[in-house]
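Protein chains get the first letters and strands the later ones, always in sequence-line order, with residue 1 at the start of each.
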Amino acid sequence: MLELKFVRNNPDIVGRALINRNMGTELIDSLLEYDAAWRECLAEGDNLKHKRNVVTREIAQLKKENKDAASKINEMQGINSRIKEIDDNIRNYKSKINEIMLSIPNIPSETTPVGKDENDNPVVRVVGKPREFTFTPKPHWEIGEELNILDFERGSKIAGQGFTVYKGMGAKLERALINFMLDVHTRQGYLEVFPPVLINEKAMTGTGQLPKFKDDMYLCTDGYYLAPTAEVPVTNLFMDEYVENLPVFLTAYTACFRREAGKHGQDTRGIIRQHQFNKVELVKFVKPETSYEEMEKLTLDAEEILKLLKLPYRVINLCTGDIGFSAAKTYDLEVWVPAQKKYREISSCSNFENFQARRANIRFRTPEGPQFVHTLNGSGLAVGRTVVAILENYQREDGSVEIPEVLRPYMGGAEEIRKV
RNA sequence: GCCCAGGUAGUCUAGUGGUAGGGCGACGGUCUCGAAAACCGUUUCUCCUUUGGGGAUCGCAGGUUCGAAUCCUGCCCUGGGCGCCA
């Protein structure tokens, strides 16, 4: 959330941000109208309340002296109904204002390039070289089915389209990757946490998933949402708190759940886009002046996984038209997927500045008073997509798949996955 | 799910209808060569306001009242007991 005062005083800056994000600026106009009306009511209400406080004190004094206070009490009764009326207006205007404020996206950083869509995302760096195949590389779903480690039909049977069962070495590979990633990140200085994945509405609002993206979330009958990413529970750990000892670095493995509304027809085969997937997440709480430096480090910490797995990837800087709602700046890590001959997103590392901290009320103390922290997060990494990258990049002509060396200790020393 | 006890500022705690008080911690001052102790003072947040202030705030949301931390209703959370249970 932006600061109301900031929007009021800088409608042009906010408007430009909306335009760069391919949005209209009508929101700001109605916001300013409600804001003016709200402040007018506030002024009148505050005056009346001041009067009430003064007279109430006089009444208390009169009663103490055993004098008659009936006339003053009468006077107050009239004022009170007016106060109630004004309070109703104030409440209405404020909730309208809040509604709009919650739906205004973050202002992109100056280092976020202005652009229309994903075609305008500049490549920051390319690491590793795609392998030259002496045969035609198969897509991961073929490899997975032939090795009997991915079962799409049974996933659909027990859940539905977009769910997959991992079996044997496939299940083990998924688990090995989770442990490997958490071990690397804890070594990098992140504290491992294992949070709930059922989340209440307040926390979902705190990180920016609600109210705008409700349709992308799974909602349980008793009001809980399934976490679409560990970002939600982990960032909200400090909701309504003062954070001591900044910076704080956390890493978490969770299952993630996304309805992928409006994404039908994309990546329908394989496990690139699933309704349930595993992800290891990195989250940082930092002081504002260090957040961009910390973002570079966080991105490198996520990249480390790809480097250790020897997977070719590149880093792109999302432009204003492609960046997420809450983010001021985002680097996407894209891993090479041989069968598609494309780089595909495997991690998204973002600086939210104080956008989430203001929503979730996460602050730290300074001699000048409380200040909002800056929050950052990034996938380190999406586990299912890492499986995709390993199966495809490490596949052999005979259909077996070599296991990357760093993973072997996590898989009982196995060096390959072969059909059994 | 039921019963009981709780939720007051960074933290602990007092407060049963009339301006949220005290302890600790922290910070500032006096004193001192310096420090400790002692003493004095400051220490909720947020919003509005032309800088004088004002308004809200005692888990959250309503209600009663001239006036609510205090009374009423609903909800959330914590602890304890009972029930159920992987």
Side-chain angles (χ1 to χ4, degrees), chain A residues 1-10 31-102 104 194-206 210 219-225 233 236-246 248 255 285 287 354-373:
Chain A
M1 191 158 54
L2 304 176
E3 187 185 13
L4 176 58
K5 216 181 294 177
F6 179 85
V7 183
R8 182 189 300 148
N9 295 333
N10 305 280
L31 177 79
L32 293 180
E33 265 174 54
Y34 287 129
D35 181 53
W38 172 65
R39 285 190 292 161
E40 201 172 304
C41 288
L42 262 189
E44 189 183 352
D46 283 0
N47 280 336
L48 291 175
K49 284 174 188 172
H50 177 54
K51 178 158 194 199
R52 179 174 70 185
N53 288 341
V54 169
V55 176
T56 283
R57 262 169 248 169
E58 288 170 7
I59 292 170
Q61 190 59 34
L62 288 174
K63 292 247 176 176
K64 210 177 274 176
E65 294 165 6
N66 280 321
K67 291 182 185 159
D68 178 43
S71 73
K72 293 216 178 265
I73 289 175
N74 267 340
E75 184 190 346
M76 278 302 97
Q77 277 164 341
I79 288 182
N80 258 353
S81 61
R82 179 65 187 148
I83 288 180
K84 224 160 248 182
E85 214 172 286
I86 292 173
D87 271 348
D88 276 348
N89 290 338
I90 290 174
R91 216 175 302 167
N92 283 338
Y93 286 132
K94 195 65 214 266
S95 87
K96 289 250 168 57
I97 289 169
N98 279 341
E99 200 179 300
I100 295 173
M101 288 301 291
L102 286 174
I104 295 180
F194 189 60
V197 294
L198 287 181
I199 310 291
N200 63 34
E201 188 178 320
K202 191 177 174 195
M204 291 287 281
T205 306
L210 292 181
L219 174 58
C220 302
T221 51
D222 48 3
Y224 292 111
Y225 289 85
N236 283 294
L237 286 177
F238 293 107
M239 175 167 65
D240 292 323
E241 286 190 40
Y242 289 96
V243 186
E244 314 269 351
N245 305 321
L246 288 173
V248 173
F285 303 84
K287 292 185 181 172
N354 64 22
F355 188 85
Q356 293 180 325
R358 181 173 279 113
R359 285 175 164 243
N361 194 29
I362 305 170
R363 296 176 292 178
F364 68 105
R365 296 182 184 283
T366 74
E368 293 76 41
Q371 227 189 313
F372 291 110
V373 303

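A/D240 places its CG atom 19 Å from the P atom of B/U44, with the value rounded to the nearest Å. Atom pair A/M239:CE and B/C77:P shows a separation of 12 Å (rounding to whole Å applied). Rounded to a whole Å, the CD1 atom of A/I97 is 10 Å from the P atom of B/C48. Counting to the nearest Å, the C1' atom of B/U57 and the CG atom of A/N361 are 14 Å from each other. Rounded to an integer number of Å, the gap from A/I86 CD1 to B/C47 C1' is 16 Å. Residue A/I90 contributes atom CD1, which lies 12 Å from atom P of B/C48 at whole-angstrom precision. When the P atom of B/U46 is taken as reference, atom CD of A/Q371 falls 11 Å away, rounded to whole Å. Rounded to whole Å, atom C1' of B/G67 lies 13 Å from atom CD1 of A/I79.
Residue A/N53 places at least one side-chain N or O under 4.0 Å from the OP1 or OP2 atom of B/G55. Residue A/K84 has no polar side-chain atom (N or O) positioned under 4.0 Å from OP1 or OP2 of B/G62. At least one side-chain nitrogen or oxygen of A/H50 sits closer than 4.0 Å to the OP1 or OP2 atom of B/G55.
Here B/C71 sits opposite B/G63 as a Watson-Crick or G-U wobble pair (both hydrogen-bonding atom distances under 3.5 Å).
In plain terms, the two heavy atoms of A/C41 and A/I90 that are nearest each other are CB-CG1, 3.6 Å. Heavy-atom minimum distance, A/F238 versus A/F285: CD1-CZ, 3.4 Å.
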Inset, instruction - Assess whether side-chain contact (heavy atoms from CB on, under 4.5 Å) is satisfied between A/D240 and A/K202, documenting all intermediate values. - result: CA-CA 11 Å; A/D240 292 323; A/K202 191 177 174 195; 2.6 Å; yes
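The pair A/E85-A/R82 counts as a salt bridge, with a side-chain nitrogen and a carboxylate oxygen less than 4.0 angstrom apart. Electrostatic pairing of A/R91 and A/D87 does not count as a salt bridge here, judged by no charged N lying under 4.0 Å from a carboxylate O.
Closest contact between the side chain of A/R363 and the listed nucleotides B/G67, B/C48, B/C45 involves B/C45. Of the candidates B/A56, B/C45, B/G62, B/G62 carries the atom nearest the A/R91 side chain, counting heavy atoms from C-beta on. Closest approach to the A/L42 side chain among B/C45, B/C47, B/G55 is made by B/C47 (side chain taken as heavy atoms from C-beta onward). Side-chain proximity of A/R52 to the nucleotides B/G67, B/C48, B/G54 is greatest for B/G67.
Toward the 5' end of RNA chain B, the nearer of the two residues A/K72 and A/P370, judged by each one's closest nucleotide, is A/P370.
Nucleotides B/C40 and B/C24 are separated by 11 Å at their P atoms, to the nearest Å. Taking atom P in both B/U57 and B/U70, the straight-line distance is 11 Å, to the nearest Å. A distance of about 15 Å separates the C1' atoms of B/G18 and B/C71, rounded to the whole Å. Taking the P atom of each, B/A14 and B/G29 are spaced 34 Å apart, rounded to whole Å. Straight-line distance between the P atoms of B/C27 and B/C33: roughly 23 Å, to the nearest whole Å. B/U8 and B/U13 have their C1' atoms separated by 9 Å, with the value rounded to a whole Å. Rounded to whole Å, the C1' atom of B/G59 lies 10 Å from the corresponding atom of B/U78. Taking atom P on both B/C31 and B/A26, the two are 22 Å apart, rounded to the nearest angstrom.
Within 90° of 0 lies the glycosidic angle of B/G52, which makes this nucleotide syn.
Contact annotation for A/N80: backbone-only contact, meaning every heavy-atom pair under 4.0 Å involves sugar-phosphate atoms and none involves a base.
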Short heteroatom pairs, N/O only, protein and nucleotides 7-11 of chain B, under 3.5 Å:
{"residue": "B/G10", "atom": "O4'", "partner": "A/R365", "partner atom": "NH2", "Å": "3.3"}

Under 3.5 Å, which protein N or O atoms sit close to an N or O of nucleotides 13-21 of chain B? Give each pair with its distance.
{"residue": "B/G18", "atom": "N2", "partner": "A/T56", "partner atom": "O", "Å": "3.2"}

